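Below: the structure, in structure tokens.
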Amino acid sequence: MKQRLATRNVDGAVVDDVLKLDAQWRAAKTAADEQQGALNKANKAFGPWMGARKKNPVAPAPAELTTLLGAAPADPEAAKAALGKLGEKQAEAARAADAIEQQIDALLLYVPNLPLAATPVGKSEADNVVRKEWGSKPAFAFTPKPHWELVAGQGFDMEIGGRISGSGFPFFRGKLARLERALISFFLDLHTREHGYTECWVPFLVREETLRNSGQLPKFFDEMYRTDDRDDLFLIPTAEVPLTSAHAGEILDDAATPIRYCAFTPCFRREAGAAGKDTRGILRVHQFSKVELMVVTTPENSEAEHETLTRCAETVLERLEIPYRRLELCTADIGFGAARCYDLEVWAAGVGKWLEASSCSIFTDYQARRAKIRVRDKDKKVRLAHTLNGSGLACPRTMIALLENGQQADGRVKLPAALATYYGGEWL
RNA sequence: GGAGGGGUGGCAGAGUGGUUGAUCGCGUCGGUUUCGAAAACCGAAAUGUCCGCAAGGGCAUCGGGGGUUCGAAUCCCCCCCCCUCCGCCA
């Protein structure tokens, strides 16, 4: 376990700390439980004695009580005092156990998931592995422009967004606004009609607890927009957050799985620490649209589901005729809660780069443990569920690829046929 | 935002301080019966956690968290959710 954490550049010493605390906790917990047990027995004997006293004022204390208190109490008042003292001792023992448990929980919240064995070990993003490439990069008889120079007159009004909210908040007019809407509809229709996902409409503001369930908090607090303390809600960074918590606390029958949900939401990210990097146009923004795929399933089926889910995302790109590659992230680069992750990168001819348009992760039981999502098999055995999710897809990066790859010498943009009915034509 | 009602085991629904982890019903599962089934009858059945090789046992949990008490599903406080009415509003 330490070795596998080490592949994520996490110091394995935390494992020793947790194990040590756990041993302490078990001892403390057992001691506290035993004291509680004795106290419960004594209290149970006390009630009937009170009843007997009413009929016979000198009724002797029951043997049980005498044994547990070490001596026969003279009267109920004395017994109460003795029991009170026992209770104090018990409470102290319980507090000691709780304190240790809290230390353990605090440590564990900052421990990432363990990578699956299949995840390539690596030291940095340079060690990610290209698993496949699909399509071919378009050839141009001219130098292709980056997306922010395209769609003259109805393009990327970043200044307007900036005026309203600050940089990184896109404002689209006309064609791009319509394209955005077309993409969202296309994504949702494909996943619901052909891939068996149930469309969901979800809250965009959530509680702290909800972020904790899917693993964004406490670790990524600085990435989150948050309302003031009148409500103290967080703006979702992805639909993964509300979708993962949809079944929090539930025990699902195996037969009810897999649960496949998809949802369109805007995504809000502060991108703290990323300032100045790839910020031209809509490469990296604080608010963007995304259709998310999310699956709850059994531990037995989760790895197969991961492939299926990734294929669902890839299908979108294939229908849109966008060249892409599937990158398998190495241990150093997978997300905090992920055990294995594929990034789908689209080719953007204008900026001449591969851009991440989707990230498809399997979380094993990491999120399920936090959100308390469990599954029950035929023999009524309860286990933690497995969760997965992936973008299907994020709009800005998809839009960039469509514009930059589809641009013509005359400045027009040819859209893929699959989008024509959604956009209302093949030319942007 | 204001006023009121409510949150109990898969569902429904009792239970207002002392063998209540919790009545009854429905549903579920096992059994008896049957050629098979239905009905009837009998029985089983929550989750977490700790100790134990196991059998088994302890502890916790009646929306969540505190408190009162020797003792809380039952009393008090805070929070969350649902329902009804009023106000405000896209």
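Below, chains carry the letters A, B, ... as their sequence lines are ordered, and counting in each starts from 1. Quick caveat, the model's predicted, so the values are computed rather than measured. Worth knowing before you read on, the calculation uses all heavy atoms, side chains too, and leaves out hydrogens, waters and symmetry mates.
- Here the separation of A73(B) from G9(B), taken at their C1' atoms, is 13 Å to the nearest Å.
- If you take atom P in G36(B) and the same atom in G31(B), they sit 13 Å apart, rounded to whole Å.
- Distance I251(A) CD1 to A46(B) P: 11 Å, rounded to the nearest Å.
- When heavy atoms are screened at a 4.0 angstrom cut-off, G87(A) is found touching no nucleic acid atom at all.
- The partner of G56(B) is C51(B), judged by Watson-Crick or G-U wobble contacts that both fall below 3.5 Å.
- Here C51(B) presents its P atom at 4 Å from CZ of R26(A), a figure rounded to the nearest Å.
- C24(B) is unpaired under the Watson-Crick or G-U wobble criterion, no partner having all donor-acceptor distances under 3.5 Å.
- For the side-chain contact (heavy atoms from CB on, under 4.5 Å) test with E292(A), the passing option among P242(A), C262(A), S391(A) is S391(A); the others fail.
- Taking the six-membered ring where the residue is Trp, F264(A) and W201(A) present tilted rings, their angle falling between 30° and 60°.
- Shown here, A40(B) forms a base pair with U32(B); the pair counts as Watson-Crick or G-U wobble because both key distances fall under 3.5 Å.
- Between the NZ atom of K380(A) and the P atom of A45(B) there is a distance of 10 Å, rounded to whole Å.
- Here the separation of C75(B) from C81(B), taken at their P atoms, is 23 Å to the nearest Å.
- Residues meeting the ring pair (Phe, Tyr, Trp, His ring centres under 6.0 Å) test with Y225(A), sequence neighbours left out: none.
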Step-by-step side-chain hydrogen bond (donor to acceptor under 3.5 Å, both in side chains) determination, T257(A) to N301(A): CA-CA 9 Å; T257(A) 64; N301(A) 295 331; 5.2 Å; no
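- Residue R207(A) places its side chain closer to C81(B) than to any other of G71(B), C81(B), C59(B).
- Taking a pair to require two hydrogen-bonding distances under 3.5 Å in either a Watson-Crick or a G-U wobble arrangement, A45(B) remains unpaired.
- Toward the 5' end of RNA chain B, the nearer of the two residues G84(A) and V382(A), judged by each one's closest nucleotide, is V382(A).
- Across all strands shown, C86(B) is found opposite G1(B) as a Watson-Crick or G-U wobble partner, with both distances under 3.5 Å.
- The same atom, P, is picked in G5(B) and in C62(B); the two are 23 Å apart, to the nearest Å.
- Below the 3.5 angstrom threshold, one finds a donor paired with an acceptor across the side chain of D33(A) and the base of G58(B).
- Between Y197(A) and H195(A), the ring planes lie perpendicular to each other; the angle is over 60°, past the 30° to 60° tilted range.
- The distance between atom CG of N40(A) and atom P of C50(B), rounded to the nearest whole Å, is 19 Å.
- The distance from atom CG of D98(A) to atom C1' of U49(B) is 12 Å, rounded to the nearest whole Å.
- Candidate nucleotides C50(B), C70(B), A46(B) were compared by shortest atom distance to the side chain of R376(A), and A46(B) ranks first.
- The side chain of Q36(A) approaches C59(B) more closely than any other nucleotide in the set C50(B), A46(B), C59(B).
- With sequence neighbours excluded, the residues that form a side-chain contact (heavy atoms from CB on, under 4.5 Å) with T210(A) are V206(A), R207(A), V241(A), S245(A).
- Of all nucleotides listed (U49(B), C70(B), G48(B)), U49(B) comes nearest to the side chain of K29(A).
- Place E34(A) and R374(A) on RNA chain B by their nearest nucleotides, and R374(A) ends up nearer the 5' end.
- Taking atom C1' on both A40(B) and A46(B), the two are 28 Å apart, rounded to the nearest angstrom.
- C29(B) atom P lies 16 Å from atom CG of D377(A), rounded to whole Å.
- G67(B) sits 31 Å from A14(B) when the P atoms are compared, rounded to a whole Å.
- The gap from the P atom of G25(B) to that of G6(B) amounts to 26 Å, rounded to the nearest Å.
- Nearest to the side chain of L83(A), among U49(B), C70(B), G48(B), sits C70(B).
- Taking every side-chain heavy atom of K44(A) into account, G21(B) is the closest of G21(B), C81(B), U47(B).
- The distance from atom CG of D22(A) to atom C1' of C50(B) is 11 Å, rounded to the nearest whole Å.
- Aromatic ring centres of Y342(A) and H306(A): separated by under 6.0 Å.
- Distance CG (L39(A)) to P (A60(B)): 9 Å, rounded to an integer number of Å.
- Taking atom C1' on both nucleotides, U16(B) is separated from A72(B) by 10 Å, rounded to a whole Å.
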